[in-house]
2 protein chains.
Amino acid sequence: MGCSELSATGKPKSEPPKRISRLEPEKRKKLLVEKAVEFFSEEGFEAGTRELARRLGVSQPLIYRYFDSKDDLVNEVYRKVYVSQWNDAWTATICDRQLPLRARLLDFYESYSQAIFNRRWMRIFFFAGLRGLDINTRYIGRVGELIIKPICGELRHEIGLSRDMPITDAEMELAWIMHGTMFYQGIREHIYCTARSVDYSLTATCAVDMYLTTAPPIVREIVEKASR
Amino acid sequence: MGCSELSATGKPKSEPPKRISRLEPEKRKKLLVEKAVEFFSEEGFEAGTRELARRLGVSQPLIYRYFDSKDDLVNEVYRKVYVSQWNDAWTATICDRQLPLRARLLDFYESYSQAIFNRRWMRIFFFAGLRGLDINTRYIGRVGELIIKPICGELRHEIGLSRDMPITDAEMELAWIMHGTMFYQGIREHIYCTARSVDYSLTATCAVDMYLTTAPPIVREIVEKASR
DNA sequence: CAGCATATTTATCAGGTGATAAAAAGCCGA
DNA sequence: TCGGCTTTTTATCACCTGATAAATATGCTG
């Protein structure tokens, strides 16, 4: 009798009595994942399935009709955020020698900023990173292989050096520094929430010009020393 | 029920308190906070008090003799990490005009890196940041006032411009970019755990030189435009 | 309209959480 | 040695969590 936290008369929760209708499994699953991305990116992955269900306007056990476990749902969130946001054209942009390298890098970071430096992505990324998940490590590896390493190759070409010799760690480091300069702006805006609207184009100009002036002499020394 | 994983047998060296004995409240509280920093920095603040107690080798309710609530303990952790790691000499280092600005900045970042860019600090910082806690925002504000703004002032002086006019947002942005370049190295090392040992001195050289070459013309333009 | 398939909900479980009260154990002075 | 004070533990509480099974509601098809 008692134990009615949800009595028929009063609704303590703020949601209006929306009538929930049946949906095709496909449609429902998509809704679940989308809302889960939004939810976990704000509250972290420790947040409860009941609150998620409440925000969706469905009952909590419904989640388990579409996902075997909470972990299963969380993995779907990862996939959605990490995989679907990647743009295969990025590597091509970096390697398209019809433009000068500086212009290519600026083009790339303009596109990359829009795709990656948004609140949802950034927060999911750090929640996952702090958990030490391998999906995070794999993402970083991908950036290394498909962004950072190609940049190093293009810089070698730009300053007239062989691309045969494998890219060294030190060269990668130089490009990571440029990359980090951009990344930090995303952090300030979406994790700190302290920089209202960051000027990514100014940052990109600083970062790219720094790279293009600082890196060449260092790279030249590295390659020449190795080929002696 | 011998639960004696730690026997009383001979170990006369510097680790006598193997036996779980009474401690002065002061000492016990200090131990609790220290271990809590270590624990929460790895597991996040959602981690349970029972596991923390287990690692301390004490019972879980003991924590509540020294802290009113888990939140109380967590706040102590924040205080310990944020407040106690700040070095008042940093601002002085930046403003000591007996050295050229470049040397001052490199000195500062060497000291700052050692204090801040370690695993404990970085992880606590991001766990708190993702929670949106005001202690985090206040820390950033402090960095802005005591690090970034002084740097902007020194740059103005370096290029012979008045320090009377207030520092503009755009000038702050330029110094934040340099700062972020350093910060990202800490992230790579301690959040991503992907860069084994980052070369902070290389990064500092890149970041500082970028700032000292990129910022002056922009600052000059800003100040002159404003004073016309 | 009836009947059926299934999307969704209600009721519930076992285990974990922060927190409290009472019992136990350790320490020190007489 | 004993008594008393304080630290620490044991035994709990109410609540919340992820997850399951049975009951219900919905919409389609004949």
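Note on naming: letters A, B, ... go to the chains in the order of the sequence lines (proteins, then strands), and numbering restarts at 1 for each one. If you're wondering where the values come from, they're calculated on a predicted model, not measured in any experiment.
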- Task: Taking the side chain as every heavy atom from C-beta outward, state whether Leu52(A) and Leu32(A) have any atom pair closer than 4.5 Å.
- Result: no
- Can you name the residues that form a ring pair (Phe, Tyr, Trp, His ring centres under 6.0 Å) with Tyr200(A), not counting sequence neighbours? Phe117(A)
- Task: Could you tell me whether Ala47(B) contacts a base, only the sugar-phosphate backbone, or nothing, with contacts defined as non-hydrogen atoms closer than 4.0 Å?
- Result: sugar-phosphate
- Message: What is the distance, to the nearest angstrom, from the CG atom on Leu32(B) to the C1' atom on dT7(D)?
- Response: 12 Å
- Query: Rounded to the Å, how far apart are Leu62(B) CG and dT6(D) C1'?
  - Reply: 12 Å
- Message: Looking at Arg28(B) and dT7(D), is any side-chain donor or acceptor paired with a base atom of the opposite kind under 3.5 Å?
- Response: no
- Expressed in angstrom and rounded to an integer, what is the separation of Leu23(A) atom CG from dA25(D) atom P? 19 Å
- Query: Taking CG from Asp72(A) and C1' from dA19(D), how many angstroms apart are they, rounded to a whole number?
  - Reply: 13 Å
- Message: Need to verify one output field. Residue with the more 5' nearest nucleotide on DNA chain D, Gly48(A) or Ile63(B)?
- Response: Ile63(B)
- Which residue pairs pass the side-chain hydrogen bond (donor to acceptor under 3.5 Å, both in side chains) test when at least one of the two sits in residues 42-52 of chain B, sequence neighbours left out? Glu42(B)-Arg119(B), Glu43(B)-Arg55(B), Thr49(B)-Gln60(B), Glu51(B)-Arg54(B), Glu51(B)-Arg55(B)
- Item | Nearest-Å distance for atom pair CG/C1', residues Leu52(A) and dT17(D) | 14 Å
- Task: For Tyr66(B), report the nucleic acid contact type (base, sugar-phosphate, nothing); a contact means any heavy atom under 4.0 Å.
- Result: sugar-phosphate
- Atom CZ of Arg22(A) to atom P of dA7(C): distance rounded to whole Å? 7 Å
- Query: Quick one: does Arg142(A)'s side chain get under 4.5 Å of Tyr82(A)'s, heavy atoms only?
  - Reply: no
- Task: May I have the distance from Leu73(A) (atom CG) to dT17(D) (atom C1'), rounded to whole angstrom?
- Result: 15 Å
- Write out all pairs satisfying side-chain hydrogen bond (donor to acceptor under 3.5 Å, both in side chains) with one or both partners inside residues 120-131 of chain A, taking only residues at least two apart or from two chains. none
- Task: Check the angle between the aromatic planes of Phe183(A) and Tyr192(B) and answer parallel, tilted or perpendicular using the 30° and 60° thresholds.
- Result: perpendicular
- Message: Reading DNA chain D from 5' onward, which residue's closest nucleotide shows up sooner: Glu24(B) or Glu46(A)?
- Response: Glu24(B)
- Note on the structure: Residue set satisfying ring pair (Phe, Tyr, Trp, His ring centres under 6.0 Å) with Phe45(A), at least two apart, ordered chain then number -> Phe40(A), Tyr78(A)
- Hey, does the Lys NZ or Arg CZ of Lys29(B) hover above the aromatic six-ring of Phe67(B), less than 6.0 Å from the centre and inside 45° of the axis? yes
- Any donor-acceptor pair under 3.5 Å linking the side chain of Thr93(A) with the backbone of Phe108(A)? no
- Message: Just to be sure I understand the geometry, which residues of residues 33-42 of chain A put a non-hydrogen atom under 4.0 Å away from DNA chain D?
- Response: none
- Along nucleotides 19-24 of chain C, 5' to 3', which nucleotides get a B, which get an S, and which get a -, given that the test is a protein heavy-atom distance under 4.0 Å? BB----
